[in-house]
Amino acid sequence: MPSNFQEVLRRELEAGLRELEARNRLRALSEIRGVNLCSNDYLELSRHPALKDAVLRAVRKTQRVGGTGSRLLSGHATVWEKLEEEFAQFAGTEAALYFGSGYTANLSLLTALLKKEDLVFSDALNHASLIDGIRLSGARKIIYAHLDLNGLEAGLRNHALERCRKLIVTESVFSMEGDVAPVTEIFALAERYGAGVIVDEAHATGVHGPTGRGIAVKDGIVQHLAAAVHTCGKALASAGAFVCGSAILKEHLINHARPFIFSTAMPPYMAEQIGAALRISQTMDGEREKLLGLAKRLAAGLRSHGWDTGRSTTQIVPVMLGEDEQAVSAAKFLQSKGYAVRAVRPPTVPQGSARLRFSVTCGIADDEIVDLENCMNLWRKEACPTVAVARA
Ligand SMILES: Cc1ncc(COP(=O)(O)O)c(C=O)c1O
C-alpha cells in the first residue's frame, strides 16, 4: 500500500507531466534510429577502431577498473596527471584539471571563482551548466543579448567603478545556434574594463582551431583567458572535461571546487581513452575539413529553400521553427523518413524559438544532405503547409 505521501506525490507529478505533454514539452528516452543528425560525435571517433583498441588495451593493463574514491583520497593515478599535462599543451595553457563531466567542470569553475559580491557578464544563450554555475555562485549577473558586444560593453561601463572580480562568460561555438563568439573582441573589452574571460569550448574541442585546439587558440588569446573549458564527451568520444588555465587556478580548484573534492574519480582507463582520442583527433584534419564542408553545404541548401538557420557557421545547423508543435511535427516527419533528429524546445532554447538542431558528423554522405533538404521541403508542403518560414 502506498503511503499518503507517496499517493499525493504521484498525483502531483502525474499532473505536472500531463501538463507538459499538453504543451508538447514532454521528453522521453528513446534510442536513435536512422541517419544520425543529433549526435555530438562530430568526428565519428566513438566508432574508431584505434580508439576501441586503446580502450581494450587500457582495461587489460589497468590494476583497477573502478574510481575507488575522490582524487584527493584513493582515486588519483599518474595517468591523470600525465593526461592533464598533455591536455594543457593541447589547449595552450599552463595547466589543466579533469572533471567527470562538462557540466561539473563549469559548475566547479564558476562557484570556485565567484563570490556573492562579484559580477558576471553572461551571454543570453549560454549553456545550462554555465547558467547553473553562475546561479549557484550567488554572484551578481548581467545577461547580455546573444553576441551583443555593445550590450556587453554597456554593462561593463555601468559597473566600471566597482571594485570586485568581474568575469565574462561565453561559449565559443554555441551549442544550439552553431554560431561563434568573437572571443578576440570580447577579450579586448575585458582588458579595457579589468575583467577576466571564461570560454567554454565544448563544441569547438576537436573540431575548430589548429588540430581542433579550439577558437581561443585559433584567435591567439588563450593564454590571456581566466580559463577555457574543453569537453571530452563530444568530438573526443569519451567523457568528462578539462578546465584549462594557470597552475595556480588548478591548485585553487583542487582545493575549492566542491564537485571535484566530493565526487569519485573516473577510473584510470578513462584517462587512457581520452589520451588516445586526443592523439587520434589531432590527425583528423581531413575529417574536420569534410565535416565543416558538409555543414556549410547543408546550411546553404536549407537557406536557399527559405529555411531560417540563424547565424550558424559551424557543424551545428539549427532550423528555427518557432512553435513547439512545429518542431515536434518536423522531427517526427524526418524520423519517419529515416533521420535521427530531435526537436529542441524551451527551456533548452528561448520561448518561441523551438527548432530542429542538425549536428553534422563527418560520416554523413552528400546525398543524405540533399535528401534531408528535400524531406524538410516535403514536410513543409505535406505535413505542415501553414508553417511560416522566416527568411528566404
Ligand atoms: C556548451 C556546453 N558546455 C558544457 C556542456 C556539458 O558537457 P557534458 O555533456 O560533458 O556534461 C555541454 C553539453 O551539452 C555544452 O553544450
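From a predicted model like this one, the values you see are computed outputs, not experimental measurements. Whatever order the structure lists them in is the order used to number ligands and atoms, beginning at 1.
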[X] atom [atom1], over 12 foreign heavy atoms within 6.0 Å:
X	atom1	result
Q89	CD	no
E251	CD	no
R23	CZ	yes

| Any side-chain donor near an acceptor of the partner, S172 and E201, under 3.5 Å |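 Yes, because at least one side-chain N or O of S172 sits under 3.5 Å from a partner of the opposite role on E201.
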Can you produce the list of protein nitrogen or oxygen atoms under 3.5 Å from a nitrogen or oxygen of ligand 1, alongside each distance?
{"from": "ligand 1", "atom 1": "3 (N)", "to": "D200", "atom 2": "OD2", "distance (Å)": "2.6"}
{"from": "ligand 1", "atom 1": "10 (O)", "to": "G102", "atom 2": "N", "distance (Å)": "2.7"}
{"from": "ligand 1", "atom 1": "11 (O)", "to": "G102", "atom 2": "N", "distance (Å)": "3.1"}
{"from": "ligand 1", "atom 1": "11 (O)", "to": "Y103", "atom 2": "N", "distance (Å)": "2.9"}
{"from": "ligand 1", "atom 1": "14 (O)", "to": "H127", "atom 2": "NE2", "distance (Å)": "3.4"}
{"from": "ligand 1", "atom 1": "14 (O)", "to": "K234", "atom 2": "NZ", "distance (Å)": "2.7"}
{"from": "ligand 1", "atom 1": "16 (O)", "to": "H203", "atom 2": "NE2", "distance (Å)": "2.7"}

| Please walk me through it: do E85 and K82 pass salt bridge (charged side-chain N to carboxylate O under 4.0 Å, His left out)? | CA-CA 5 Å; E85 277 168 24; K82 285 200 178 128; over 6 Å; no
| request: Let me know which of I316, T348, V349 forms a side chain to side chain contact (heavy atoms under 4.5 Å, CB included) with R357. | output: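 Only one of I316, T348, V349 forms a side chain to side chain contact (heavy atoms under 4.5 Å, CB included) with R357, namely I316.
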